Novice: 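This is the structure, below, for whatever I ask next.
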Amino acid sequence: MPGIVEYLILSAVLFALGLVGFLSRRNLIVMFLSTEVMFQGVVISAVAFAKFHRQMDGQAMGLFLLVIAAAEAGLALGMVVMLYKRRGTLDVDVWSSMRG
Amino acid sequence: MTPTTGHLLYLVFALGGVGVYLLLPKGRGSQVRAGAVLGGLALAALISVLATRIVVTNSTTAFFYVFSTIAMLGAVRVITHTKPVYSALYFVLVVISVAALLVLMQAEFLAIALIMVYAGAIMVTYLFVIMLAQQDTAPVCDRRSHEPFLAVLAGFVLMAAVAGRCGDLTTASGDTIAQASPTKATLVANVPESSDVGNTTAIGRAVMTRYIVAFEIAGVLLLVSMVGAIALAKKKLPTETVEEERTPIGQIGREVPPY
Amino acid sequence: MIEFLTSQFGVSAQFVVSVVLALVVIGAMQGGVAYCIYFERKISAWIQDRYGPNRVGPLGLLQPVADGVKFFFKEDVVPRHVDKVLFILAPGMIMFVSLIGFAAIPWGGQLQLGEKLVNIQVANPDIGLLYILGVASMGVYGVVIGGWASNSKYPFFGAIRATAQMISYEIPMGLCILVVVLTMGTLRLEDITQLQTGYWLGFIPQWNMFLHPLAFLILFICVLAEANRAPFDLSEAEQELVGGFHTEYSALKFGMFFLAEYGHMITSSALITVLFLGGWHLPWFSWTQPEATQWYAVVAKMGVISAKIVVFLFLMMWIRWTLPRFRFDQLMRLAWQRLIPVTLALFVLTVGLLYFGLHRSPVWALSGNAVIVVVMLVSAGTVGKEVTGRQPNLPRIQESPGAAALAGV
């Protein structure tokens, strides 16, 4: 049976892959997708803790993570649509002119 | 110093990091093929490192290997694919395999909620936006990435730090944490096994009693983000429109001779 | 047979029954879908006073076979401009999704095998209802990907329309289903069926249809929209979009889109049947009560649930060949301005009844439904704006002298 360690390794891998994507990709939508991959990693670890500590807290946290993800996706996509309307591209570098 | 699982994992992650670095879109001269080979090697190595710890004896373990492999492959493709539509679809694959892993951990409710919320709602909306914002040729922002080396370094150092330490934990298999740590014994005694009440009932009890405040706040958060999203995306209708001279609808075409 | 398998391979009787049932249901489903197309054509012919297919076999009954052979042997065109991988993936995806929803439907109560009771259901998970909802929500991918991968404008419009429509109608659908879940207090479809087997006043079956008729009606409307059936078939409106999302498809791939639509209809009908019509329960007959667990009772129950599904299928086809199609803004307004407020009111009503412990009382539930209907009608009658959907900044239509003259003549 896979133990908690295996699930934690998997969740760390997913989280770090999402981080790599968020840091390196330039397309706004792919960046948000990468954050969603990070969320998946966190959900796995929360539920793994819930299972191996035999309590429901981790699963409740997973539910709240879903709520956060839904709220974030709604807002983020609203902003992406707005930004796309302004500049006609999804490239984040277009928005770097505020850099000091 | 004898090599432990953690040390092996560091090697595996270094290999995987190189693979992902090569796979990231870098315009001309991407070595995608080499990256795919290295990444595949790293994945196989990771699986075999895990396989030294847990041997496939029952279907749960087999499913764990299958779905975790799919999840990791999918995640790599999400961050490396040059077409956003494919990234989104690979992410759906990640969500489905993560849901399967949750089912393996007896979290059926959360698994199906994950599928409904992510695959059913969020990703469809993402696809919608990607389609609306698509351009004919792949834009430069999809073909080149920012500082891929530094990003991979940061990400994989984090991965190695967390997962490598996890790999060295002594509580290797099964639900031994509860037994290994005496402070947890009370928790184990208090919480019934999830088999006597269904998972849905159990999570409902947890959310409705212990986390009721958090639950309410989550509801408010959703409401606020809904209002925010509507306010953001609301198209500003032009307040004054120039009234064009239009032919009254009943007369369109009436000026043509035969009529 | 089952004793042999359980003793030799150590599998449980439930496992054997599940596997057999899965195979049988998928097989029956393929045949059923093919004959759905036949009946669709026959019914449309009756409604339009024609004969319909009557050349292949007696009464044209072999027409589905001929159609299948035709789908197989037609040239399978993959246009050059498409995104090949997704183009090929899409029909498989939509077909897969429309097939796996069946796993949680309770087909025939329980069967006595030796000392054990076995569910005539592929799986009876704790979350059966949510499983079906989750699978249904994946159904949009086939349409969206098919439309996008075709890389031409009409399929793309079809895909965009389908996405907006399915997301919109999932909300009232989910709320209607929540009304049932709150009333029944379980997500297991077998339990939901069994809870509906009693009687009120000794003769009215306790089906949810009599408890929440409004939710039943709205769920049926939403199911039509989710299955892309007329009058909600905006994403494949042939007068506007050629063929909608499957314009570029041909041969077997087109056939799969076609079959998936009917598969979706059958699954949704089965879901409505279980939620609101008592599933396999037929009142006053001892064979279709939950206590009857003999093999002939199981067969009778399967017949009952199939008959109920067929009634819904007929209703859907009847509607398709009778009602004209909505315009897209009307479709959206129906969902967001009418159905969602009404279902939210229903939801609040159910929560209130649950708080007072009256959720199974037909008098209270029905009077609550009646109040909602009255408020709905009054608000639609008084507040109602023009339903034509003309944009407000367009000039008013003037009575043209030419038309007046024509009318005068």
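The model shown is predicted, which means the values in this text are computed figures rather than measured ones. Residue numbers begin at 1 in each chain, while the letters A, B, ... track the order of the sequences.
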Novice: Hey, which of A:S34, A:A70, A:A50 has the most heavy atom pairs under 4.5 Å with chain B?
Specialist: A:A70
Novice: Between A:V30 and B:V78, what is the shortest heavy-atom contact and its length?
Specialist: CG1-O, 4.0 Å
Novice: Given a strict heavy-atom distance threshold of 4.5 Å, which part of A:M31 is in contact with chain B: side chain, backbone, both, or neither?
Specialist: neither
Novice: With a 4.5 angstrom heavy-atom cut-off, is it the side chain or the backbone of B:V152 that approaches chain A, or both, or neither?
Specialist: both
Novice: Could you check which of A:L33, A:V67, A:L63, A:L23 has the highest count of heavy-atom pairs closer than 4.5 Å to chain B?
Specialist: A:L33
Novice: What closest approach, in Å, do A:G74 and B:A229 show between heavy atoms, and which atom pair accounts for it?
Specialist: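 Looks like O-CB, 3.8 Å.
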Novice: Would you call the rings of A:Y7 and A:F52 parallel, tilted or perpendicular if under 30° counts as parallel and over 60° as perpendicular?
Specialist: tilted
Novice: What pairs of donor and acceptor atoms, side-chain ones from residues 96-103 of chain B against any protein atom, are under 3.5 angstrom apart with sequence neighbours left out?
Specialist:
unit_1 : atom_1 : unit_2 : atom_2 : d
B:S97  : OG     : B:L93  : O      : 3.0
B:S97  : OG     : B:V94  : O      : 3.0

Novice: So which of A:G78, A:G18, A:G21, A:A71 has the largest heavy-atom pair count under 4.5 angstrom toward chain B?
Specialist: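 So the answer, after comparing A:G78, A:G18, A:G21, A:A71, is A:A71.
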Novice: If you count heavy-atom pairs under 4.5 Å between each of B:V207, B:V129, B:L158 and chain A, which one has the most?
Specialist: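 Of the candidates given, the most pairs with chain A belong to B:V129.
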Novice: Under 4.5 Å from any heavy atom of chain A, what part of B:F128 do you find: side chain, backbone, both or neither?
Specialist: neither
Novice: Would you be so kind as to tabulate the donor-acceptor pairs closer than 3.5 Å made by side chains of residues 36-43 of chain A, with sequence neighbours excluded?
Specialist:
unit_1 : atom_1 : unit_2 : atom_2 : d
A:E36  : OE1    : B:Y118 : OH     : 2.9
A:E36  : OE2    : B:Y126 : OH     : 3.2

Novice: Using a cut-off of under 4.5 Å on heavy-atom pairs, state which of B:G16, B:A161, B:A206, B:A107 scores highest against chain A.
Specialist: B:A107
Novice: Nearest 0.5 Å, please: how far is CE in B:M116 from CG in A:L66?
Specialist: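 Between atom CG of A:L66 and atom CE of B:M116 there are 11.0 Å.
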Novice: Checking B:M226 against chain A: side chain, backbone, both or neither under 4.5 Å from a heavy atom?
Specialist: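 Neither part, no heavy atoms under 4.5 Å.
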Novice: Would the distance check show the side chain of B:R77 and the main-chain N or O of B:S87 forming a donor-acceptor pair, the cut-off being under 3.5 Å?
Specialist: no
Novice: Please rank A:F15, A:F32, A:F64, A:F22 by heavy-atom pairs under 4.5 Å with chain B and give me the top one.
Specialist: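 Greatest number of close heavy-atom pairs with chain B: A:F64.
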Novice: So which residue, B:V76, B:V117, B:I203, B:I217, ends up with the most heavy-atom pairs under 4.5 Å with chain A?
Specialist: B:I203
Novice: Non-hydrogen atoms of chain B under 4.5 Å away: do they reach the side chain of A:L19, the backbone, both or neither?
Specialist: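 Side chain only.
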Novice: Using non-hydrogen atoms and a 4.5 Å limit, figure out which bit of B:F91 sits close to chain A: side chain, backbone, both or neither.
Specialist: side chain
Novice: So what's closer than 4.5 Å to chain A heavy atoms on B:V157: side chain, backbone, both or neither?
Specialist: neither
Novice: Between A:V80, A:I44, A:L75, which has the largest tally of heavy atom pairs under 4.5 Å with chain B?
Specialist: A:L75
Novice: If you round to the nearest 0.5 Å, how far is CD of A:E6 from CG of A:L8?
Specialist: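 Nearest 0.5 Å value for the CG-CD distance: 9.0 Å.
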Novice: Among the options A:I68, A:V13, A:L10, A:L65, pick out the one with the most heavy-atom pairs lying under 4.5 Å from chain B.
Specialist: A:V13
Novice: Which bit of B:L150 comes within less than 4.5 Å of chain A, counting heavy atoms only: side chain, backbone, both or neither?
Specialist: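 No part of B:L150 comes within 4.5 Å of chain A.
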Novice: Over all heavy atoms of both residues, which pair between B:I122 and A:A73 is shortest? Give the atoms and the distance, please.
Specialist: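 In this case the closest contact between B:I122 and A:A73 is CG2-CB, 3.5 Å.
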Novice: What is the minimum heavy-atom distance between B:T80 and A:R25, and which atoms define it?
Specialist: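 Shortest heavy-atom separation between B:T80 and A:R25 comes out as C-NH1, 3.7 Å.
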Novice: If you measure from CZ on B:F63 to CG on B:L104, what distance do you get to the nearest 0.5 Å?
Specialist: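 B:F63 atom CZ to B:L104 atom CG measures 7.5 Å (nearest 0.5 Å).
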